[in-house]
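Below is one structure, written out as structure tokens; the observations come after it.
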Amino acid sequence: MREGLAGKYVGAKVRRVEDRRLLTGRGRYIDDLNLPDMAHAAFLRSPYPHAHIRRVDIDSARRMAGVFLVLTGADMARLTNPFLGMMALDGLYDPVFYALATDRVRVVGDPVAIVVAESRRVAEDACELIDVEYEPIAAIANMAQAMDPMRPPIWPRARSNVLWEDSQTYGDVEVAFAGADRVIRERFAQHRQSNQPMETRGSVAEIDPVSGELIFHSATQSAHSLKWSLAFLLERTSVWRSIRELATNREKPRKFVVGARAFIKSHPDLRTATKSSQPAMLKQLRREPKRIVHLSEALLGLLAKDPSRRPRVLAQDIGGAFGAKGLVPREDVALATAALQLGRSVKWIEDRNEHLMVGGQAREETLDIDVAVTSDGTILGLKVHMTMDVGAYPGFPFNGAFFAQMVKVMMPGPYRIGALRFDTTITASNKGTYVPYRGPWAAETWVRERMIDVVARELGIGRADIRLANMIGADELPAAMVTGPPLDVRMSARRTLEEALRVADFDSWDAIRDQARSEGRIVGMGLATFIEAAPGPPKFFDYISPGFSALAGVEPAHAVLEVDGSLSVITQQVPHGQGHETTLAQVAADELGVAVEAVRVRYGDSSITPFSLFGTGGSRSAAMAGGVVTVAAQELRQRVVDIASDLMEASTEDIVIEDGHIHVAGTPAIGVSFAEVAAEAVRRRPGSPSDGAIRVTSEWDGGAGGWAQATHVCWVEIDLDTGLVTIPRYVVVEDCGELINPAIVDGQIRGGVAQGIGAVLYERAAYDGDANFQAGTFMDFLIPTAMEIPDVEIHHLQTPSDIFANYRGVGEGGMIAAPAALTNAIEDALAHLGARITEQHLPPARILELAGVIEAEAPTEVGPPDYSAAAAVPAPRPSLIRERMPTLTPAQAQAVRRTATSVRSGARRFADRYAGRP
Amino acid sequence: MSDDRCEVTVTVNGEERSLAVECRRTLAEVLREDLGLTGTHLGCEHGVCGACTVAVDGAAARSCLMLAVQADGCEIETVESLGTEEKLHPIQQAMWDEHGFQCAFCAPGFLMTVYCLLRENPAPTPEEIREELSGNLCRCTGYASILTGVQAALSRGAAADA
Amino acid sequence: MKIPRFTYHRPATEEEALAMLTEFGEDAKVLAGGQSLIPLMALRLSRPAHLIDIGGLRELAAIRERSGTVSVGAAVRHVEVERSALVARAAPLAAAAMPHIGHGAIRNRGTACGSLAHADPAAELPAVALAAGASFVVRRASGERTVPASEFFLGYLTCDMGPDELLVEWRLPTWPVTAGWSVQEVSRRHGDFALLGMAAMIDTDPVGRISTAALSLFGAASTPIRVDAAEKLLTGEPPSAALFDEAAEIVKGQLDPPGDLHGTAAYRKHLGAVLTRRCLSEAAGRLGAAA
Ligand SMILES: Cc1cc2nc3c(=O)[nH]c(=O)nc-3n(C[C@H](O)[C@H](O)[C@H](O)COP(=O)(O)OP(=O)(O)OC[C@H]3O[C@@H](n4cnc5c(N)ncnc54)[C@H](O)[C@@H]3O)c2cc1C
Ligand code: FES
Ligand code: FES
């Protein structure tokens with residue numbers, strides 16, 4: 001079946017290539033993998049939020065029929081390296097921990113043991129036989145408890161449960177606030193949310209029976225970062241052994257070093273990146289010297305290892321992720337270790353209860369905001385203090401602090417905000433791990449758009465007027481956010497707002513609402529505008545973390561003419577619902593002049609896909625992968641044309657490719673096929689054709705990049721008897737540049753809006769005041785159904801541009817703006833009752849409390865103490881808090897010194913040899 | 001049957017199958033693990049998400065909430081019975097045309113729910129469709145594309161094939 | 001999330017089932033539709049050693065009308081009750097409750113008696129039974145007893161049945177044709193268990209005064225409950241919005257519901273008033289509609 005004319009795929013609603021497989025139940029999701037002789041794993045998990053582990057008795061479990069292996073935290077500490085934060089931020093305490101809990105559990109669901117058995121059922125039976133003696137400790141359940149100095153830190157090596165404090169100032173904040181007619185203050189609280197894709201996490205650790213090599217099949221968003229993380233965490237080799245290995249076999253590390261050197265050379269900014277975090281890293285090492293041991297064991301071990309024996313990661317169909325599958329699950333490390341110990345493949349599929357408890361939670365952030373405004377509504381500056389509860393175990397390799405930086409940089413959005421002070425406090429708690437969830441920085445949009453409504457109300461200015469007055473218009477572009485990122489001429493947030501106001505007939509709204517009220521109906525309408533760095537301006541990530549663009553800012557791809565004449569695109573992206581097999585094929589097909597079905601998109605296998613640590617995320621696929629595939633396909637086309645022109649004895653300019661047919665312009669009857677070109681290419685190229693006949697490798701840095709933007713308008717009707725909120729209409733006006741596949745774009749927007757609505761009205765990863773988890777089933781964590789989600793009306797704008805690959809991302813925008821538009825609508829509806837919406841989660845009982853219909857009950861989520869009160873007593877500046885060396889017993893101290901010295905001298909000797917010195 | 005293995009005879013997608021399975025195994029597990037019918041997905045294993053929906057004697061049922069042994073003597077249809085990659089069932093075809101799904105993990109459950117709905121009620125109203133589909137969760141799409149897909153299937157007479 | 005081991009039994013007759021219950025007692029559980037029991041077992045919150053599957057017992061699979069009662073057998077599935085013309089005519093309160101129970105696929109498998117025996121205080125049918133003055137036929141190998149709904153529900157997931165007993169029949173008195181009915185609830189999402197719900201019936205005498213009133217709430221306590229004070233207030237009065245408001249306030253005042261993740265106690269109390277008003281006005285609108 002053909003999908004329209006070749007050469008015209010980009011922009012068409014092309015049906016998805018992957019759908020035939022998926023719609024007929026022939027997809028290959030991780031749980032569908034069934035290897036011969038495969039065993040199954042289950043985890044014994046802590047029922048306590050916080051407890052010492054006094055004893056773990058696995059004897060009866062191990063003896064149970066059908067059980068092959070039981071491993072505990074002690075085994076992990078022996079067999080693997082601990083998770084170590086790789087993103088050093090000055091002053092951030094980044095804990096060291098193992099895949100399984102060793103001496104203490106820190107969250108309900110903390111894995112204490114892994115059981116491998118003949119079936120998952122038997123493994124679960126055996127888990128019940130493991131006897132663990134816990135000694136419960138008072139838990140940290142919320143920000144207030146975390147900031148209470150009387151409560152001991154959940155990480156003994158941390159000074160307190162405040163893991164990081166930071167303050168950044170952009171522009172002249174003092175002047176802005178001094179010149180203000182008013183300073184308006186509000187506190188906004190986001191609740192704990194959770195990504196909850198319909199497929200949970202899961203992996204199969206396959207052990208190649210011949211080589212013993214680990215092939216790790218996984219539902220991961222990023223095959224390469226999982227591969228390297230596993231390689232790092234599993235490589236527990238004594239330093240001496242590694243050094244001996246390196247000394248006797250120099251070929252092994254040589255390749256590694258040459259490769260690494262080439263990588264560093266081609267990414268000069270990497271130096272800056274590492275340089276800026278070096279002092280922080282050194283501080284960490286000083287604070288916790290055993291990090292040096294772990295790092296050197298892992299890194300030297302990696303260096304000494306035969307590259308072919310590094311794990312290979314394979315991902316196939318993935319049932320959604322939304323950020324939850326981008327990090328490295330602790331369970332994966334335990335699973336791989338168990339498989340390697342047994343020499344046998346083992347499967348672990350997380351069940352829903354596990355996924356709800358420990359599969360990733362997000363967005364528990366409280367933001368205090370002061371806005372300096374003039375009485376005509378001009379916003380002069382902001383002071384923001386964000387407190388983020390990152391739970392117990394930090395995500396690896398990206399922890400919450402990284403995403404906090406994104407909130408900071410994105411805070412001004414599309415508005416003219418000349419001054420910003422942004423303070424960050426990161427707190428630990430005995431709750432699930434913070435993971436990025438679809439637009440992890442979205443707090444900036446929610447708080448800004450909510451606050452703008454508050455300012456409008458306080459000053460008696462219209463909600464549209466105040467936005468129009470402060471939003472950057474086309475005539476002011478190019479411009480830059482006060483936090484740094486430039487806004488190019490295609491930044492069209494204001495146009496989306498103007499169009500949305502028109503579509504929504506905003507001017508008549510107040511009359512409509514008041515009329516409805518007089519009839520006893522409670523209705524409201526809310527607006528929200530955002531911009532999203534998808535992919536963002538050039539080197540966007542450097543504003544988040546200096547030098548980070550070098551790691552994340554480049555997208556690679558291969559375009560291949562295979563030996564049989566077929567065409568492949570090989571991407572490091574790992575699609576999980578976004579339809580890359582279709583969109584990337586569309587892009588390539590247009591460039592190559594072939595049918596979309598003729599291009600096969602290959603992904604997910606770390607042994608064939610080009611290296612990148614980023615995987616799929618951040619709404620970057622269309623812009624970055626779309627761009628690089630365009631570049632690669634163009635080059636491949638050129639190489640094909642070169643050969644074809646020789647074969648046909650014509651000049652290259654005269655060659656056309658149409659409908660998969662290569663011929664000379666004007667004489668379509670005579671031509672050559674891709675297969676003939678492939679055969680010729682193979683003839684010309686000596687050596688093995690295993691990489692295809694022609695293979696092009698390209699990289700793309702996003703070019704001019706740019707912003708995606710939209711304005712959302714949400715209408716609500718509220719039943720004041722029941723507190724139930726319905727959404728009769730929802731409009732999105734979006735500009736994401738050129739659309740590769742409008743059906744896919746619209747699907748992304750709708751899905752995001754649905755999750756935003758879910759977060760506000762239904763979903764909460766709730767804990768009680770003692771950090772006991774409350775939402776362990778889908779009866780308590782409420783994902784909205786078809787009855788709750790409205791139709792979403794989408795209008796596309798496209799700012800004309802002749803920029804190359806003018807694609808921008810839409811993956812996250814729906815969810816970024818929906819909570820803002822919805823909560824703004826709810827406040828609009830309830831404003832006459834005095835309701836002020838300062839929290840994001842609004843279940844029916846809360847709606848009635850806010851409307852004054854019923855009495856309020858105390859919430860279990862308690863925010864941080866009032867910073868303004870605290871400010872009366874000058875708090876010690878974070879940088880002035882003295883670094884304190886941990887207290888070690890003399891024996892420990894000596895052990896650390898010994899290891900550190902031996903590592904240092906060993907490394908020096910190694911380096912000397914390498915450099916050819918005696 | 002007093003030990004923990006049970007004899008089960010079921011007709012699955014038109015084929016009679018006799019198996020001896022551990023009694024505690026659910027229909028979903030047996031379909032997926034013993035019969036290789038991995039199109040039936042498990043999203044929650046406690047009856048809420050609908051990913052595991054199959055037709056039991058023509059009516060939609062959660063295969064995670066049914067012991068395989070309870071299906072003894074029943075006729076089971078799974079997503080694999082609808083159409084093939086070469087020849088899609090009209091409901092699948094409509095979902096393909098309308099970009100019904102994204103990650104499609106939920107798709108088999110939705111397809112079987114729609115299939116059973118149309119068999120029972122060949123001309124459901126949009127409200128009835130929405131209501132019936134509300135027993136299945138989708139995390140990716142916001143449902144609009146799935147609902148459009150059902151409408152498209154209906155307007156092409158998919159009910160006749162259900 | 002896998003079901004623990006058990007021994008499965010499929011009795012061929014009710015008698016055999018009763019014999020098994022006598023034999024295994026506390027160690028056994030009846031398996032009807034499995035829509036509540038299986039998820040509890042998968043979460044390992046319930047771990048019976050023996051399951052006695054009554055799903056296939058033909059003798060328990062009928063809905064019958066006899067001598068002033070509609071009886072629903074233990075193997076009758078929700079969907080059959082929902083579609084039964086007999087139930088719609090002779091037990092409209094039960095019929096009205098059916099669409100609120102879960103989703104189509106749940107109702108295709110779950111049984112009415114299973115829901116009643118399970119005695120979830122947030123479930124619809126126990127409250128319907130209470131409002132309608134239903135009774136339960138409970139059998140053990142050594143004999144049978146009939147328990148009125150008012151004595152059947154003892155506490156959270158607990159009803160008046162011994163481990164060796166089987167609920168064989170749910171008996172609803174044939175609906176007084178003049179009476180009006182209503183079942184309404186508030187849930188977080190469509191198809192969820194109710195945060196609070198009410199099954200109500202009112203009947204009037206020839207001069208139009210309320211002669212019988214039954215207000216039965218679910219989700220309000222550890223069992224379904226009737227609100228006598230409100231029923232008393234209504235009795236003898238002609239139906240009116242003002243009267244219903246007054247009844248609503250009484251209901252609210254009498255309730256002492258639990259609070260949880262999905263709604264505070266104050267919220268549920270408030271819903272008590274809301275649902276009283278809504279149910280009474282709907283029931284009043286249906287007075288005589290069953291005739
Ligand atoms: C997603 C979902 C949503 C749901 N929503 C609702 C809802 O909104 N409202 C609602 O009411 N229910 C709801 N249910 C539950 C459903 O109605 C069940 O069908 C019902 O509660 C139990 O019936 P069953 O036949 O499945 O019983 P089973 O699950 O087989 O048994 C339930 C319990 O009753 C006992 N039992 C069953 N039959 C007998 C008998 N004859 N004699 C003695 N003991 C017996 C069993 O031993 C067991 O303890 C929902 C279920 C799910 C999975
Ligand atoms: S897996 Fe059966 S309903 Fe979710
Ligand atoms: S398409 Fe992903 S869950 Fe429905």
Side-chain angles (χ1 to χ4, degrees), chain A residues 40 42 117 119-125 127-128 200 349-356 719-724 758 761-768 773-789 841 843-849 851 853-860, chain C residues 1-6 35-36 39-45 47 99-100 102-106 120 122-123 184-198 219 245 248 252 255 257-279 281:
Chain A
H40 298 263
S119 71
R120 172 65 175 251
R121 293 171 286 283
V122 172
E124 287 192 17
D125 294 346
C127 280
E128 298 188 324
T200 56
I349 302 297
E350 189 178 45
D351 66 33
R352 184 57 60 180
N353 178 238
E354 294 179 291
H355 194 52
L356 283 160
D719 178 344
L720 269 196
D721 275 347
T722 60
L724 296 174
L761 299 178
Y762 305 101
E763 302 164 19
R764 182 157 81 100
Y767 286 82
D768 71 9
F773 190 49
Q774 306 285 292
T777 70
F778 269 174
M779 295 266 200
D780 287 317
F781 188 89
L782 309 178
I783 290 176
T785 77
M787 293 294 276
E788 282 79 41
I789 297 301
H841 190 50
R846 189 63 190 141
I847 292 277
L848 293 192
E849 290 176 0
V853 177
I854 61 172
E855 221 151 283
E857 263 176 36
T860 54
Chain C
M1 214 184 271
K2 298 289 174 196
I3 297 170
R5 266 182 237 269
F6 57 84
Q35 304 299 288
S36 293
L40 284 177
M41 290 176 71
L43 290 160
R44 301 201 173 206
L45 297 172
R47 43 174 75 248
H100 292 290
H103 301 279
I106 306 287
D120 188 320
Q184 295 201 33
E185 66 181 51
V186 175
S187 59
R188 292 286 306 273
R189 291 173 306 185
H190 182 78
D192 280 341
F193 273 102
L195 295 172
L196 196 84
M198 176 178 269
D245 283 346
K252 186 172 161 184
L255 287 189
D260 65 15
L261 180 60
H262 301 299
T264 60
Y267 176 66
R268 285 187 163 89
K269 258 171 109 79
H270 165 81
L271 290 182
V274 170
L275 290 170
T276 306
R277 272 194 298 272
R278 291 186 177 181
C279 279
S281 69

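Computed from a predicted structure; not experimentally measured.
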Per-residue contact mode, A/Ile349 against chain C (heavy atom under 4.5 angstrom): neither

Pairs of heavy atoms under 4.5 Å with chain A: top-ranked of C/Leu196, C/Val274, C/Val186: C/Val274

C/Arg188 (side chain) donor-acceptor with A/Leu782 (main chain) under 3.5 angstrom: no

Any residue meeting side chain to side chain donor-acceptor pair (under 3.5 Å) with A/Thr722, in chain and number order, not counting sequence neighbours: A/Asp719

Atom group of C/Leu43 that falls short of 4.5 Å from chain A, counting heavy atoms: side chain

Beyond-backbone contact of A/Asp125 with C/Arg5, side-chain heavy atoms, under 4.5 angstrom: yes

Proximal component of C/Ala265, with respect to chain A [non-hydrogen, under 4.5 Å]: both

NZ/NE/NH1/NH2 to OD/OE distance under 4.0 Å, A/Glu128 and C/Arg47: yes

Shortest non-hydrogen separation from A/Ala845 to C/Gly263 and the atoms involved: CB-CA, 4.2 Å

A/Phe781 side, atom CZ; C/Leu261 side, atom CG - distance, nearest 0.5 Å: 10.5 Å

Atom group of C/Arg44 that falls short of 4.5 Å from chain A, counting heavy atoms: side chain

A/Glu124 side chain vs C/Met1 backbone, donor-acceptor pair below 3.5 Å: yes

Crowding at CD, A/Glu857 (>12 non-hydrogen neighbours, <6.0 Å): yes

Separation of A/Arg121 CZ from C/Ile3 CD1 (nearest 0.5 Å): 9.5 Å

Engaged part of A/Leu724 at the chain C interface, taking heavy atoms whose separation is under 4.5 Å: side chain

Heavy-atom pair with the smallest gap, counting every atom of C/Tyr267 and A/Leu848: CE1-CD1, 3.5 Å

Heavy-atom proximity to chain C below 4.5 Å, by part of A/Pro844: both

Distance (rounded to the nearest 0.5 Å) between C/Lys2 NZ and A/Cys127 SG: 13.5 Å

Greatest number of heavy atom pairs closer than 4.5 Å to chain C - which of A/Glu855, A/Arg120, A/Arg846: A/Arg120

Check: C/Arg189 side chain, A/Ile783 main-chain N or O, donor-acceptor pair, under 3.5 Å: yes

Point-to-point distance, once rounded to the nearest 0.5 Å, from OG1 of C/Thr264 to CD of A/Glu849: 5.5 Å

Side chain to side chain donor-acceptor pair (under 3.5 Å) partners for A/Asp780, two or more places apart: C/His262

CG-OG1 distance between C/Leu45 and A/Thr777, expressed to the nearest 0.5 angstrom: 9.5 Å

